Amino acid sequence: MRAAALVITMVSIAACGGGGHASSSAVPVSASNPSTLQVYPSVVSSGGVASLTLTAALDSSGRPAFYWQGSEVAPTIYVNPGDQIHLHYVNNLPYTCGLGLVSDTNLHFHGLTTSPQQPGDEVIATNAAPGSSYDYVVTIDPDQPPGLYWYHPHPHGLSNWEIDNGMAGALVVQGIASEIPSLAGLRERVIVLRDPPNDPSVAAAETASAFRRRARIAAFRSAQDEDGGGSGGGAPCQAETDATPTINGVPTATIGIEPGERQLWRVLNASGHRHFDLAIPGQQLQLVAQDGVPIGDYAGAPTSLTVNDVVIPPAGRAEFVVTGPDAPAPLISNCYNSGPIGDPDPQVVLGELVNDNGISSTAHVASTARRVQPMRYRVAPPPAAQHRYVHFQEDSSGNFYINGLSYSPSAPSMYTVQTGTTEEWTVENDTDEVHAFHTHQVHFIVEAVNGVQNPTPHWMDTFDLPPQSHAPQGAATPSTVTLLVDFRDSVIRGTFLFHCHITDHEDAGMMAKITAQ
Amino acid sequence: MAVALASCGPLDARERLHGTVLPPLPPPALRLVDDHRTPFALSDLRGTTVIVFFGYTHCTEECPEAMTRLAAMRRSLPARDRNRVRVLFVTVDPARDSRSALAAYTKKFDPTFIGLTGSRKALMTAYAEFNVRESADGNRLAHSSAIYVIDSRGHLRELFDPNAPVAGIVADVEALISNS
């Protein structure tokens with residue numbers, strides 16, 4: 001369902017050169033008739049177990065969707081460290097959906113440091129084929145940091161179709177106020193951002209997306225030929241389709257907050273391709289957690305970071321404190337430059353903060369929490385036991401690779417790691433677009449980007465690899481990101497994945513296995 | 001070498017077409033063999049609006065649905081336009097889809113429909129040109145099931161799902177013919 005469009009009184013978007021942030025400025029907008037921000041239904045653990053049945057099926061538009069208790073919705077799952085999730089997952093999708101693959105599905109519990117073995121967070125062999133089901137038992141590590149995680153399908157080749165159309169839900173590990181007492185009692189909002197395709201031909205949308213990418217590559221090459229090398233090509237701030245990002249299911253929403261009130265927003269980017277660069281013009285945000293882990297959980301880091309905007313790559317999460325403005329103010333996503341052949345991420349207005357006099361319904365941050373000591377993430381990580389070089393690559397035919405290999409479910413592990421250790425990975429992006437590096441089961445610290453030390457290291461599980469750069473004569477210099485990857489927890493023993501979380505890249509091969517011993 | 005992209009004329013506005021509109025791209029080659037053993041290239045049909053569907057003759061789901069709709073589409077066109085559109089059926093099951101099987105299958109829907117096959121290499125090239133994916137599950141094949149619409153200059157213009165309303169395809173084919 002689409003709410004009435006916002007009336008943009010004046011928007012000025014600057015040229016979007018370079019990588020990452022694209023500079024933009026916007027004058028506040030007014031909403032003509034946006035919906036009130038939807039609050040997702042919740043499944044809260046009881047007696048140490050969060051139990052639910054989730055069904056995958058096509059909706060009335062022919063798009064794959066999650067159904068829970070008869071409604072098309074993905075509930076937010078609330079658990080405590082040490083709990084279990086018992087999830088009965090039913091696949092009611094048709095045998096095929098016109099994509100060249102049987103409509104398989106499964107689930108990944110993104111960001112959790114949990115076992116990658118069945119019946120837990122295993123995505124390589126686990127499959128709920130059409131007409132069948134699978135019973136997941138996922139144990140939340142007693143040491144799992146409190147914050148926002150999520151669950152989504154992970155069938156190789158179909159992740160983009162399933163996630164991009166909306167098969168995803170939020171998962172909150174409770175207890176953040178035990179680490180940041182100032183959050184106790186604040187109203188909190190779970191916000192899920194998506195960018196569902198809006199093509200009139202639902203199944204053909206996947207095919208169309210590949211053609212759009214092909215056209216971007218052709219335009220980039222043509223521009224390179226014309227300017228002798230240069231950066232050329234790319235229109236990151238110009239929409240390619242009619243698709244409209246959504247915030248909790250609608251294009252724009254009013255978000256109730258009293259002037260001066262502090263609220264905790266837990267924001268999940270559940271889109272397959274789109275980056276969000278969130279900002280509330282005129283206000284700074286207090287970032288308290290990223291990818292589920294409180295900022296202060298990294299030894300020596302502050303409790304929070306004060307920022308003007310927050311970039312959330314596909315699959316990323318950000319938890320930040322917002323202060324209610326004195327007058328209605330927009331929530332915007334700035335244009336994000338994902339590189340000359342990357343998906344365009346133009347500026348968009350997602351909502352408007354309005355005074356609700358404290359009455360709109362939403363949860364409050366729980367002040368009761370338990371977390372077992374010592375908290376592993378807070379212990380300074382040991383020096384890296386291993387150093388690896390990882391290359392993210394692609395070709396003009398739409399194939400994607402890591403270290404020259406395109407993912408196959410039957411391929412052996414690319415790396416074998418030892419639990420109890422950390423490793424330093426230098427990840428190189430040899431392409432002309434951003435890739436959202438993600439590791440299952442573990443988090444990492446970003447030590448440096450293109451040789452520049454990260455001034456604010458903290459734990460993450462998804463991070464953008466900037467596109468390579470081009471000299472005027474056309475020579476390309478890959479970008480590099482240096483990571484310290486945390487394999488300390490022995491619960492991760494088994495085989496799991498790392499990949500680009502731009503899901504069509506993942507589906508086309510930009511993924512590999514890690515075996516933790 | 002710069003890629004020359006043809007301008008696509010007044011139908012560029014995506015709201016005027018009913019399917020998923022594609023960006024301008026160089027024309028695909030589609031070099032295969034037709035059901036009369038004659039070498040085929042998409043350029044042979046320049047000046048004609050072309051519909052392409054990838055499927056297989058044992059298919060019981062999307063293929064008969066799409067082909068039935070495409071036959072209805074052609075019947076719905078004004079008589080003067082019926083020979084200005086060609087429907088191509090490209091096999092994704094070359095092992096079982098002989099030329100005679102393709103001919104019998106396509107003619108069952110409409111005598112002007114053309115079945116196409118080729119060597120494994122030629123077919124893989126065609127699949128790549130059209131971003132077609134296919135995978136086998138026993139004798140059952142899963143395959144991309146988009147209906148591709150190509151204008152008289154050989155450019156891919158839009159995609160439909162196999163269950164798309166016939167009226168929209170008819171309207172767009174008529175528009176492309178009148179624009180050619």
Side-chain angles (χ1 to χ4, degrees), chain A residues 58 61-63 94-104 129-130 156-158 161 197-227 232-233 235 238-243 344 395-399 504 507-508, chain B residues 1-5 8 13-15 17-26 28 52-55 59-63 65-66 92 124-125 127-138 140-149 155-165 168-169 172:
Chain A
L58 295 185
S61 303
R63 301 178 193 281
Y95 178 72
T96 64
C97 293
L99 305 173
L101 294 167
V102 175
S103 306
D104 293 330
H156 181 53
L158 290 172
W161 181 64
N198 193 28
D199 300 66
S201 303
V202 176
E206 292 280 305
T207 307
S209 176
F211 280 114
R212 289 183 197 118
R213 173 184 168 71
R214 198 179 284 185
R216 289 197 298 272
I217 294 172
F220 176 56
R221 289 190 171 172
S222 178
Q224 279 196 310
D225 288 340
E226 286 173 15
D227 72 7
Q238 185 177 330
E240 279 182 341
T241 72
D242 295 332
D395 64 29
S396 57
S397 300
N399 301 306
D504 52 345
D507 281 341
Chain B
M1 183 173 64
V3 177
L5 300 178
C8 291
R14 60 172 68 109
E15 62 269 21
L17 293 174
H18 295 82
T20 293
V21 177
L22 300 177
L25 281 165
V52 183
F53 186 80
F54 291 76
C59 171
T60 58
E61 294 164 356
E62 298 103 330
C63 309
E65 179 154 22
V92 294
M124 294 305 287
T125 301
Y127 301 160
E129 282 185 303
F130 285 80
N131 287 315
V132 168
R133 294 196 296 183
E134 37 82 34
S135 61
D137 181 24
R140 208 168 174 184
L141 293 177
H143 58 94
S144 302
S145 61
I147 294 170
Y148 299 77
V149 180
H155 292 282
L156 275 164
R157 298 301 299 275
E158 63 173 332
L159 305 178
F160 284 98
D161 281 345
N163 57 357
I169 307 175
D172 289 3

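Just so we're clear, the structure is a prediction, and the values are computed from it rather than from any experiment. Order of the sequence lines sets the chain letters (A, B, ...), proteins ahead of strands, with each chain counted from 1.
Of all the heavy atoms in B:Arg133 and A:Leu158, the pair that sits closest is NH2-CD2, 4.4 Å. Nearest heavy-atom pair, B:Glu62 versus A:Gly98, reported as atom, atom and distance to 0.1 Å: OE2-N, 3.4 Å. Looking at every heavy atom in both residues, A:Ser201 comes nearest to B:Asp161 through C-OD2, 3.2 Å.
B:Arg140 contributes no side-chain N or O that, together with a main-chain N or O of A:Tyr95, makes up a donor-acceptor pair within less than 3.5 Å.
Options A:Gly157, A:Gly398, A:Ala205 differ in how many heavy-atom pairs under 4.5 Å they form with chain B, and the most are formed by A:Gly157. Contact tally against chain B (heavy-atom pairs below 4.5 Å) for A:Gly100, A:Gly62, A:Ala204, A:Ala210: the top residue is A:Gly100.
B:Glu65 is linked by a salt bridge (Lys or Arg N to Asp or Glu O under 4.0 Å) to B:Arg69, counting only residues two or more places apart in sequence or in another chain. Here B:Tyr148 pairs with B:Phe54, B:Phe130 under the ring-ring contact (aromatic ring centres under 6.0 Å, His included) rule; sequence neighbours left out.
Side-chain contact check for B:Thr20 versus A:Arg212: some heavy-atom pair is nearer than 4.5 Å. Between B:Asn131 and A:Arg214, the closest side-chain pair of non-hydrogen atoms falls below 4.5 Å.
When heavy atoms are compared at a cutoff of 4.5 Å, B:Ala164 does not approach chain A at all. Heavy atoms of A:Ser397 lying under 4.5 Å from chain B are absent altogether. At a 4.5 Å heavy-atom cutoff, the contact between B:Leu22 and chain A is made by side-chain atoms alone.
Distance CD/B:Glu134 to CG/A:Leu101: 9.5 Å, rounded to 0.5 Å. Taking CD1 of B:Ile147 as the start and OG1 of A:Thr207 as the end, the distance is 12.0 Å to the nearest 0.5 Å. To the nearest 0.5 Å, the span separating CZ on A:Phe211 from CG on B:Leu156 amounts to 5.0 Å.
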